[in-house]
K.L.:
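Could you have a look at this structure, given as structure tokens, before my questions?
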Number of protein chains: 2
Amino acid sequence: MPERAFTAGLRLDRVRLNISESTVRRLSFYLRILEKTGDAGVDTLSSEELAERTGTTAAQVRKDLSLFGSFGKRGLGYAVPQLASELREILGLDRTWRVALVGGGRIGSALFEYGGFRHRGFEIVAVLDADPAKVGTIWGDVVLSDISNLEAVLRAESVDIVVLTIPAEAVPDVLDRVVAGGVRGILNFAPVQLRVPSDVTVKDVHMVMELEALSFALSQTGGE
Amino acid sequence: MPERAFTAGLRLDRVRLNISESTVRRLSFYLRILEKTGDAGVDTLSSEELAERTGTTAAQVRKDLSLFGSFGKRGLGYAVPQLASELREILGLDRTWRVALVGGGRIGSALFEYGGFRHRGFEIVAVLDADPAKVGTIWGDVVLSDISNLEAVLRAESVDIVVLTIPAEAVPDVLDRVVAGGVRGILNFAPVQLRVPSDVTVKDVHMVMELEALSFALSQTGGE
DNA sequence: TCCATTCTGTGAACGAATTCACAAGGGCCT
DNA sequence: AGGCCCTTGTGAATTCGTTCACAGAATGGA
């Protein structure tokens with residue numbers, strides 16, 4: 001039983017219940033919109049407006065939020081900064097996450113140089129690669145480590161999340177060692193199924209599969 | 001009514017029926033496994049084995065495939081090269097798709113240098129950016145074009161699919177022009193909802209949202 | 001040839017997620 | 001203060017996707 005403090009609106013009794021992946025993804029999207037409109041000086045948003053900007057329905061927005069509490073005012077809508085702050089807390093974004101980049105190739109380096117992660121509280125504290133020519137090179141404020149020290153680096157840097165951008169064939173070995181290093185969150189770019197213990201969460205980014213899904217869609221409607 | 005020729009096993013009557021996004025994503029994954037095991041010399045695979053390697057269930061595999069035809073042999077399983085070829089056709093991968101990269105920043109250049117797309121039949125035939133300093137530079141075998149010529153380039157190169165890696169604020173304008181350029185498939189990396197006509201298909205890759213979903217998952221189980 | 005074994009293909013059952021529809025709360029104007 | 005309008009929060013209904021369970025096809029062995 002968790003004993004952590006939540007804000008008044010949060011429903012402790014429901015927090016542990018099945019929240020679907022799609023709900024979480026939408027929450028993340030709602031938060032983005034709230035931050036954007038908040039910056040633009042808007043202070044209230046209805047479920048309808050939120051739905052329109054995120055490509056869903058007003059009922060869906062209200063249902064998603066209702067899983068965590070009552071954050072709106074009937075007749076009025078949602079207070080933008082307040083709801084944003086609730087969502088940040090729900091999503092666990094009221095802290096910094098320590099991220100290691102495992103794989104320093106094309107994708108890995110693009111993610112590193114792309115500042116978008118750090119701005120949202122994901123700090124890259126280590127980069128690892130198997131290529132001896134890369135080991136020791138300086139990436140921004142971190143020195144690239146040899147992947148043979150993986151477990152040690154993960155523990156020394158208290159890494160929470162690993163971003164895996166290694167070739168498929170290297171996955172089984174590296175994955176075991178990531179888990180052994182105590183990491184319980186993995187963002188996986190390799191086009192293989194990661195087999196992990198149940199206390200480890202994996203999210204996949206499969207760009208080629210998305211392209212193939214586009215190919216399918218175009219083939220369906222195309223030809224005329 | 002489509003009049004195109006399909007192989008014997010394909011069910012013309014069902015091809016247009018609702019195939020869910022999850023089914024398509026799995027088909028793409030099955031294909032990968034088939035190609036990998038085919039290269040390893042395996043010539044037959046059961047739904048059970050396919051399921052294990054893709055992280056789903058045997059029933060799911062059979063159901064997915066049954067939406068398009070009967071490709072297996074009872075008591076035996078699926079012939080690897082044959083099923084791979086069927087899936088390639090179903091997914092529309094029996095041709096080359098012409099892709100334009102719109103946005104030549106971090107992500108865009110990483111995707112360009114990453115060879116994984118071309119190997120699967122997605123050929124990058126144009127790269128466009130708004131930065132005058134980049135226009136005219138040579139990327140592999142293409143010259144980077146000014147985004148002000150967007151529609152013209154898309155038409156001249158017969159672009160099928162656009163990969164959008166531009167900042168969120170540039171999206172509304174560029175998106176309209178992508179659609180005006182006749183493109184009906186978009187792989188979107190910008191963290192905004194794309195509003196497009198119904199004959200245009202969009203697939204999103206939202207890496208930061210995936211990270212936030214990880215943050216949520218870790219917050220749920222963490223703390224003890 | 002016949003039986004035992006294996007694994008597919010698929011209706012039916014189930015469960016999860018979305019949408020509907022409306023009662024109740026809140027603000028504003030007169 | 002009262003009435004009107006607006007928008008939330010949420011059970012109920014519906015739709016969609018997954019899992020179950022088994023009949024039927026293919027193979028190999030006796």
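In what follows, chains are A, B, ... by sequence order, proteins preceding strands, each numbered from 1.
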K.L.:
Using whole Å, report how far CG of B:D64 lies from P of D:dC16.
P.N.:
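One finds 17 Å between P of D:dC16 and CG of B:D64, rounded.
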
K.L.:
Hey, can you pull the residues of residues 25-43 of chain B with a non-hydrogen atom under 4.0 angstrom from DNA chain D?
P.N.:
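Residues of residues 25-43 of chain B under 4.0 Å from DNA chain D: B:R26.
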
K.L.:
What nucleotide among C:dT10, D:dG17, C:dT18 has an atom nearest to a side-chain atom of B:S66?
P.N.:
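Closest nucleotide to the B:S66 side chain: C:dT10.
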
K.L.:
Atom CD of A:E49 to atom P of D:dT7: distance rounded to whole Å?
P.N.:
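Interatomic distance, CD of A:E49 to P of D:dT7: 8 Å.
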
K.L.:
B:I19 CD1 to D:dC16 P: how many Å, rounded?
P.N.:
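It is 13 Å, rounded to the nearest whole Å.
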
K.L.:
Under 6.0 Å from the NZ atom of B:K73, do we count more than 12 heavy atoms belonging to anything else shown?
P.N.:
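No, not enclosed.
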
K.L.:
Just by distance, no angles: are the side chains of A:S85 and A:Q82 close enough, under 3.5 Å, to form a donor-acceptor pair?
P.N.:
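There is no such pair between these side chains.
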
K.L.:
Please check the phosphate of D:dT8 (OP1 and OP2 only) for any side-chain N or O of A:S47 closer than 4.0 Å.
P.N.:
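Indeed, a polar side-chain atom of A:S47 lies that close.
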
K.L.:
For the residue pair A:R53 and B:R195, what are the closest heavy atoms and their distance?
P.N.:
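Looking at all heavy atoms of both residues, the shortest contact is CA-NH2, 4.4 Å.
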
K.L.:
Output side-chain donor-acceptor pairs under 3.5 Å for residues 111-118 of chain A, partner residues at least two apart or in another chain, one line each.
P.N.:
from: A:E113; atom 1: OE1; to: B:R106; atom 2: NH1; distance (Å): 2.9

K.L.:
Does B:R62 or B:T23 map to a spot on DNA chain D nearer the 5' end, using the closest nucleotide for each?
P.N.:
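With B:R62 and B:T23 compared, the 5'-side residue is B:T23.
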
K.L.:
Could you tell me which non-hydrogen atom of B:F29 sits nearest to which non-hydrogen atom of A:V192, and how far apart they are?
P.N.:
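Nearest heavy atoms, B:F29 then A:V192: CZ-C, 3.7 Å.
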
K.L.:
Quick one: does any side-chain atom of B:S109 pair with a main-chain N or O of B:G105 as donor and acceptor, under 3.5 Å?
P.N.:
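Looks like yes, one N/O pair under 3.5 Å.
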
K.L.:
Quick one: does any side-chain atom of B:T44 pair with a main-chain N or O of B:G77 as donor and acceptor, under 3.5 Å?
P.N.:
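A pair under 3.5 Å: no.
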
K.L.:
Contacts to DNA chain D from residues 75-82 of chain A, heavy-atom cutoff under 4.0 Å, which residues?
P.N.:
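DNA chain D contact set from residues 75-82 of chain A: A:G75, A:L76, A:G77, A:Y78.
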
K.L.:
Side chain of A:K63 only, heavy atoms from C-beta on: which candidate in C:dA17, D:dT7, D:dA12 is closest?
P.N.:
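So the nucleotide nearest the side chain must be D:dA12.
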
K.L.:
Considering only NZ, NE, NH1 and NH2 on the basic side and carboxylate oxygens on the acidic side, decide whether A:R155 and A:E151 come within less than 4.0 Å.
P.N.:
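Looking at A:R155 and A:E151, the cut-off is not met.
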
K.L.:
Go through the side-chain N and O atoms of A:S158 and A:R98 and say whether any donor and acceptor fall under 3.5 Å apart.
P.N.:
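Checked: A:S158/A:R98 side chains show no N/O donor-acceptor pair below 3.5 Å.
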
K.L.:
Between D:dA26, C:dG9, D:dT19, which one does the side chain of B:T57 approach most closely?
P.N.:
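Nearest listed nucleotide: D:dT19.
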
K.L.:
To the nearest angstrom, how far is B:F71 atom CZ from D:dA26 atom C1'?
P.N.:
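Going from CZ in B:F71 over to C1' in D:dA26 covers 19 Å.
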
K.L.:
Separation of B:R74 atom CZ from D:dC22 atom P, in whole Å?
P.N.:
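Those two atoms, CZ and P, are 16 Å apart.
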
K.L.:
Please give, in whole Å, the distance from C:dA21 C1' to A:Q60 CD?
P.N.:
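It works out to 16 Å between those atoms.
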
K.L.:
Measure from CG on B:L83 to P on C:dC7 and round the result to the nearest Å.
P.N.:
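In whole Å, C:dC7 P lies 16 Å from B:L83 CG.
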
K.L.:
Output the rounded distance in Å from CD (A:E48) to P (D:dC5).
P.N.:
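So the CD-P distance, A:E48 to D:dC5, works out to 19 Å.
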
